[in-house]
Protein chains: 2
Amino acid sequence: MAKRPISIKQVADAAGVSTATVSNVFSGKKPVNDDLAARVRDAAKKLGYRVNRAASNLRSGQSRVVTVMVPDLSDPYFTSLVTEIEEHAQRDGYQIIVANTKDDVETERGRVSALLSWQPDGMIVVPTSDNIPEQLLQVKDEVPIVITDRGIQTKEFDVVRVDNAAAGKMVASHLLEFGHRRVLVVASDMQISGVYDRCNGAIERIRAAGAQSDLVEVGPVPDRAAAHLARWLVKNPMPTAIFAVTDMTTLATLTCLAELKAEVGYDVSVVGYDDYPWMVARRTPITAVRQPVEQIAEAVWTLLLRRMNGDDSQIEVLPLECELRVRASSQPIEKTEETRGRRGRAASEVK
Amino acid sequence: MAKRPISIKQVADAAGVSTATVSNVFSGKKPVNDDLAARVRDAAKKLGYRVNRAASNLRSGQSRVVTVMVPDLSDPYFTSLVTEIEEHAQRDGYQIIVANTKDDVETERGRVSALLSWQPDGMIVVPTSDNIPEQLLQVKDEVPIVITDRGIQTKEFDVVRVDNAAAGKMVASHLLEFGHRRVLVVASDMQISGVYDRCNGAIERIRAAGAQSDLVEVGPVPDRAAAHLARWLVKNPMPTAIFAVTDMTTLATLTCLAELKAEVGYDVSVVGYDDYPWMVARRTPITAVRQPVEQIAEAVWTLLLRRMNGDDSQIEVLPLECELRVRASSQPIEKTEETRGRRGRAASEVK
DNA sequence: TTGTAAGCGTTATCAA
DNA sequence: TTGATAACGCTTACAA
């Protein structure tokens, strides 16, 4: 059924040269006489020839493939990470193969195997959990691996990460400066170390300032997260500020506040995580922590590239800094008091 | 430097069998005695063996690879499409390779070549423009290709598409039912046939009802789009309803209305395109057209699979229907009149 | 600068 | 059911 495509041999015959010459024309590894090169290209074009990666990889032992594994392709943060990485890969002559683990350890295991069969020259991994799949431990001497975003700091792998604790502290300081003394931190899953660090960074600083900080862990499922948070807000006195430490919890928080008819920036200040276009497409734009995706992607790529080029030295990668985009959703405490006061509502009424 | 990984030969030796047997154990194409199979698996595990796709592809002529090319990986619609397709592919034993053309015809050309070198068994393409890259025309007899979302209806390729005109009409009817008589349609790029069809569907129906419908084409760049729309809105009397025909124009529209301090659902009704979580995380959730991504992905995959299995028959794929998620951002005209009236503003004042 | 030929790891054919 | 062996298309010594 599937007849085989044009091979290098056919091109060589058509151009009246050897296969080696054809190979050299396309790889550029050895110089080829211009006339011959032209003749080869002509023949190739006429026949519709394209190098067969499989054969090329097999013979050379170099796949020029880098795999990228992320926990959730529907998360815009990971998509942008992938997009950035692809850019770098492209430029350096690598192809990337993306795998989505769907935040599931089983799937992750399966994907690792599938990816390894490509004989990648390198791997970029955002682990689903802090437990890095053991298959990766097995192959870590054969293929360079760079971990990012999730996974615990380890001496086993190169890791590029953001300073999550610092990000949490930054948000806390911002809210404290605005006079907030009751801040709710909304976490998805504290098992994820990045989430844990952000929360802790924020809470510590707030408490150190003698203010009050609570934590709700709403789980990883969006719908349930909003409901969970709503229950908490009804049971407890309304905080004056909320810090949502992930993309998803930001959405859950806003959904929840909308349902409770609490007005963002007035009744309560909100700081979200990750910075997306929709956050600005609102009457009250959302203050948010922006992760430096471009820098992260670049750090990941250059690190991996060094490893792929055989650099075995101890490379220390410093944690990257996040940035706070201050917008109208976070306001000085006076605004909140004024709002709640004007409505003749005590804090307890806005549940 | 890069020592070659374990080969089938080494496993065969370790297990005391032939390479053919090892191959059969892993491919399952021929039955193997249980004892032998166990021995092989043991040896393989011990050695850390994994089949080499390159060699396997080369010999069998079957890559079990399907490529997916999309214009913009940062567009959540395409991400979800890719995610859905991957699911199907996975189930049927195919690996997908994703390429992002970044809405650029040059990049697209480059990517097509790169993808073809994988010798894919099938290709799924969302063309950047209506002009399907000519390289695809050249290979369309060698490898099955399914086009979706963009690209003009053609007899050359199998196409899975949504009924864009119908979607436009649906929105128009919704707004007409609510009594709106001045509807603005916000398009990104009318060169994209889907966008064109949506606009036209909507505008035709509105005009057929004797109501007024204007069109602004704001271009493909988000920032400029909002500014462009803002200029239009200032120069013209405020419509009572706006239909944004893409994800990006929806965002641009909302950004713009927020800047103009026009309240969505009150001063003006808004219908957006594509349905995302952020649309609900607002005080006024957005009415939106939801494309049936799952159905589209499934249709694409089953069609491609049939072609990959050698089905040459004429297959007609019916256009799929979109759905309207009605929410608070679209309101009966009375609400708008009331709002504008109460504020003591004529339509002209809310510019 | 070009050609010859071996061999990468796998699968398919054929024989046992 | 298993094994021996050729061949897939390419790259790369090495020879010319």
Side-chain angles (χ1 to χ4, degrees), chain A residues 1-41 43-44 47-65 93 116-121 142, chain B residues 1-41 43-44 47-65 93 116-121 142:
Chain A
M1 178 189 78
K3 68 172 183 308
R4 293 205 170 245
I6 310 300
S7 77
I8 202 174
K9 181 90 179 40
Q10 290 167 275
V11 177
D13 289 352
V17 297
S18 75
T19 59
T21 301
V22 178
S23 174
N24 288 328
V25 168
F26 286 104
S27 72
K29 294 203 175 173
K30 283 192 173 178
V32 174
N33 183 301
D34 285 353
D35 306 353
L36 279 195
R39 240 164 59 209
V40 169
R41 268 184 240 281
L47 295 171
Y49 168 76
R50 255 170 304 272
V51 287
N52 181 331
R53 275 190 98 91
S56 158
N57 295 351
L58 177 58
R59 175 58 235 243
S60 70
Q62 282 253 312
S63 62
R64 300 241 100 193
V65 161
L116 283 170
S117 70
W118 290 103
Q119 319 282 138
D121 291 340
E142 296 166 46
Chain B
M1 181 186 74
K3 69 172 185 305
R4 289 194 175 257
I6 310 299
S7 77
I8 201 174
K9 181 91 178 39
Q10 291 167 274
V11 177
D13 289 350
V17 296
S18 73
T19 61
T21 301
V22 178
S23 174
N24 288 328
V25 168
F26 285 104
S27 72
K29 293 203 175 171
K30 282 192 175 177
V32 174
N33 184 300
D34 285 352
D35 306 352
L36 280 196
R39 239 162 64 208
V40 168
R41 268 185 239 283
L47 295 170
Y49 167 77
R50 256 170 302 270
V51 299
N52 182 330
R53 276 191 95 94
S56 165
N57 295 353
L58 175 57
R59 175 60 237 237
S60 69
Q62 281 254 313
S63 63
R64 302 240 94 189
V65 161
L116 283 170
S117 70
W118 290 103
Q119 317 285 139
D121 291 339
E142 296 166 45

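Keep in mind it's a predicted model, so treat the numbers as computed, not measured. Chain A is the first sequence line, chain B the second, and so forth, proteins listed ahead of strands; every chain is numbered from 1.
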Once you apply a heavy-atom cut-off of 4.0 Å, does B/Y49 come out as touching a base, just sugar-phosphate, or nothing?
sugar-phosphate
Which whole-number value in Å describes the distance from B/D13 CG to C/dT10 P?
12 Å
It should be established whether A/T19 places a side-chain nitrogen or oxygen under 4.0 Å from OP1 or OP2 of nucleotide D/dC10.
no
If you apply the rule side chain to side chain contact (heavy atoms under 4.5 Å, CB included), what do you find for B/V40 with B/F26, and how did you get there?
CA-CA 9 Å; B/V40 168; B/F26 285 104; 4.1 Å; yes
Heavy-atom side-chain proximity of B/Q62 to B/D121 below 4.5 angstrom:
yes
Hey, is the side chain of B/S23 poking within less than 4.0 Å of OP1 or OP2 on C/dT11, counting only N and O atoms?
yes
Over how many whole Å does the gap from A/K9 atom NZ to C/dA6 atom C1' extend?
16 Å
Side chain proximity check, A/R39 to A/V17, heavy atoms < 4.5 angstrom:
yes
State, yes or no, whether a side-chain contact exists between A/S23 and A/I8 at a heavy-atom distance under 4.5 Å.
yes
Strictly below 4.0 Å: does A/S18 bring a side-chain N or O up to OP1 or OP2 of C/dG3?
yes
Audit row: B/K9, B/D13, salt bridge (Lys or Arg N to Asp or Glu O under 4.0 Å) steps and yes/no:
CA-CA 6 Å; B/K9 181 91 178 39; B/D13 289 350; 3.2 Å; yes
Is B/V32 touching bases, backbone alone, or none of the nucleic acid, heavy atoms closer than 4.0 Å?
sugar-phosphate
Nearest-Å distance for atom pair CG/C1', residues B/N33 and D/dG3
14 Å
Taking only the side-chain nitrogens and oxygens of A/K30, find out if one of them lies under 4.0 Å from OP1 or OP2 of D/dT12.
no
Can you tell which of D/dA13, C/dG9, C/dT11 lies closest to the side chain of A/A20?
D/dA13
What is the distance from CG of B/L36 to P of D/dT1, rounded to the nearest Å?
11 Å
Between CH2 of A/W118 and C1' of C/dT10 the distance, given in whole Å, is 15 Å
Does A/S60 put a side-chain nitrogen or oxygen below 4.0 Å from OP1 or OP2 of D/dT11?
no
Quick check: on DNA chain D, is the nucleotide nearest B/V17 upstream (toward 5') of the one nearest B/A55, or the reverse? Name the residue that is more 5'.
B/V17
Nearest whole Å is fine: how far is C/dG9 C1' from B/R59 CZ?
11 Å
Nucleotide D/dT2, atom P - distance to NZ of B/K29 in whole Å
18 Å
For A/Q10 and D/dC10, what is the distance between atoms CD and C1' respectively, to the nearest whole Å?
14 Å
So does B/T21 get a side-chain nitrogen or oxygen closer than 4.0 Å to the phosphate oxygens (OP1/OP2) of D/dT2?
no
